[in-house]
Amino acid sequence: MNLSILIPLLNEDESIKELYTWIISVMKSNNYSYEVIFIDDGSSDNSWTIIEELASENPNVKGIRFMKNFGKSQALHAGFAKAQGDVIITMDADLQDSPEEIPGLYEMITAQNYDLVSGWKKKRYDSIVSKNLPSKLFNWAARKTSGVELNDFNCGLKAYKNIVVKNVEVSGEMHRYIPVLAKNAGFGKIGEKVVQHQARKYGETKFGMDRFVNGFLDLITIWFLSRFGKRPMHLFGALGSIMFIIGFFAAGFIGCSKLYHMYNGMRYSLVTNNPWFYISLTTMILGTQLFLAGFLGEIILRTKNNEERYKVSKEIN
């Protein structure tokens, strides 16, 4: 099978049929063998009913329905697990991603041997203040932190080799950073393609300004995980040891200073009256706690089981 088209959605009943028709037109004109997988992330409108209708008409249409809203990352995770195509395309259901870009993305994966190709909405039709400027700042920070030179991490239109999606673990709200996760997993050939961005035709965006705040927090998380996710003791153990040693020697210096003053008949005060004693004691305690955090992190990594992060209520085809 040439292509798997993954479409995570939430309350997009107005656009599903139009998007489906557009995708099928592109598939037929290029003679692709394909599957279209809709992942309904707990919609409360008629989205699932429409998906069922499309699946009954076309066996290449498949559906996954979550019991409630678990988030886009979990939806992509479920879609990646089900996808069978040589190339996997992800796109949003709001018609802002154009299916006409699919052949170009497919060509870059198959002919140019990219592991992953991310869309770049160079010209956007979103609000400059609420979306464009924050997005530019976010993408700049993501590039500097991750080392992945992409201009648009947030673009939902991406193409992957099948082997990439089977070896990348998408959890939490990490869908923005799948290119970073792919790089960390050893897939280094990551490309970018300028794609057409379309104005939203139906409904309202599901994302507000809070997604940028959450995005920066996730960026810190993925930076940490990429460097210390498999070896937390290297960070917490090192910091804890340094802090404990500094506190220990500081406390020792305070004690030795008092003994020196006592031995030479000089004025001295109680150790407990010296504020530096409490600072050194606190440093030792914090160092011990950091060391234990690293130790516990290592134990958790070695004993954890993969937990089910979402519940599927129905599947089609």
Side-chain angles (χ1 to χ4, degrees), residues 1-28 30 32-103 105-106 119 155-160 162 165-166 168 170-171 173 175-176 178 195 198 200-207 308-317:
M1 184 184 295
N2 298 132
L3 282 163
S4 292
I5 314 295
L6 305 188
I7 306 171
L9 61 98
L10 175 64
N11 296 331
E12 299 286 359
D13 58 358
E14 294 178 304
S15 61
I16 292 174
K17 286 187 176 179
E18 186 173 339
L19 177 62
Y20 164 78
T21 303
W22 197 354
I23 290 173
I24 298 306
S25 173
V26 172
M27 296 298 104
K28 289 182 177 179
N30 289 274
Y32 291 136
S33 57
Y34 69 93
E35 62 180 358
V36 180
I37 304 176
F38 291 99
I39 306 100
D40 183 355
D41 188 19
S43 295
S44 58
D45 61 4
N46 294 319
S47 294
W48 183 250
T49 301
I50 295 171
I51 293 169
E52 287 181 319
E53 292 174 1
L54 297 176
S56 65
E57 297 171 5
N58 184 348
N60 293 321
V61 174
K62 302 176 181 180
I64 301 172
R65 187 184 192 186
F66 287 175
M67 295 182 71
K68 67 173 187 176
N69 178 229
F70 285 97
K72 188 174 181 179
S73 292
Q74 324 314 323
L76 287 175
H77 184 276
F80 287 161
K82 193 176 182 68
Q84 299 176 19
D86 297 328
V87 176
I88 285 81
I89 304 287
T90 61
M91 61 191 307
D92 294 333
D94 56 11
L95 296 173
Q96 289 191 287
D97 295 333
S98 171
E100 300 294 341
E101 304 288 351
I102 291 175
L105 293 168
Y106 179 79
C155 182
L157 188 58
K158 290 182 173 67
Y160 312 82
N162 185 286
V165 303
K166 301 302 183 184
V168 170
V170 188
S171 60
E173 289 295 321
H175 57 271
R176 305 175 184 87
I178 294 179
V195 297
Q198 314 218 119
R200 188 176 181 91
K201 190 172 182 180
Y202 303 107
E204 297 179 352
T205 179
K206 309 297 187 298
F207 302 100
E308 190 176 11
R309 296 191 297 270
Y310 48 84
K311 299 287 185 182
V312 175
S313 65
K314 294 180 181 179
E315 288 194 36
I316 304 173
N317 292 337

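- Using a 4.5 Å heavy-atom cutoff, the side chains of M91 and E101 are not in contact.
- The main-chain N or O of G42 is never found under 3.5 Å from a side-chain atom of N69 such that the two would form a donor-acceptor pair.
- E18 and W22 are not linked by any side-chain donor-acceptor pair at a separation below 3.5 angstrom, with hydrogens and angles left out of the test.
- Between the side chain of S25 and the backbone N or O of T21 there is no donor-acceptor pair closer than 3.5 Å.
- Checked by atom type and distance alone, the side chain of N11 pairs as donor or acceptor with a backbone atom of D45 at under 3.5 Å.
- Considering CD1 of I23 and OH of Y32, their distance stands at 13.0 Å, rounded to 0.5 Å.
- Within 6.0 Å of CE on M67 lie no more than 12 heavy atoms contributed by other residues, nucleotides or ligands.
- Of the possible polar contacts, none joining the T90 side chain to the L6 backbone as a donor-acceptor pair under 3.5 Å is found.
- In this structure, K68 forms a cation-pi arrangement with F70, its terminal cationic atom sitting closer than 6.0 Å to the ring centre and no more than 45° off the ring axis.
- Residues K158 and D97 are not paired through a salt bridge, judged by the lack of any N-O separation under 4.0 Å between the basic side chain and the carboxylate.
- Under a 3.5 Å cut-off, the side chain of S47 and the backbone N or O of E12 do form a donor-acceptor pair.
- When every heavy atom of I39 is checked against every heavy atom of A75, the shortest pair comes out as CG2-CB, 3.5 Å.
- Side-chain atoms of D92 do not come within 3.5 Å of backbone N or O of D94 as any donor-acceptor pair.
- Looking at N46 and T49, their side chains never bring a donor and an acceptor atom within 3.5 Å of each other.
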(request) Check the pair Y106 / N2 against side chain to side chain donor-acceptor pair (under 3.5 Å), numbers first and verdict last. (result) CA-CA 9 Å; Y106 179 79; N2 298 132; 3.3 Å; yes
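- No donor-acceptor pair under 3.5 Å is formed between the side chain of S4 and the backbone N or O of A83.
- By the 4.5 Å heavy-atom criterion applied to side chains, V170 and V168 are counted as neighbours.
- Using a distance-only test at 3.5 Å, with no hydrogens or angles considered, no donor-acceptor pair links the side chain of N58 to the main chain of L54.
- Looking at residues two or more places apart in sequence or on another chain, you find a salt bridge (Lys or Arg N to Asp or Glu O under 4.0 Å) between K62 and E35.
- Looking at residues two or more places apart in sequence or on another chain, you find no ring-ring contact (aromatic ring centres under 6.0 Å, His included) involving F38.
- Across every non-hydrogen atom of S15 and A93, the tightest pair is OG-O, 2.6 Å.
- Side-chain atoms of K166 come within 3.5 Å of backbone atoms of A81 as a donor-acceptor pair (strictly under, hydrogens ignored).
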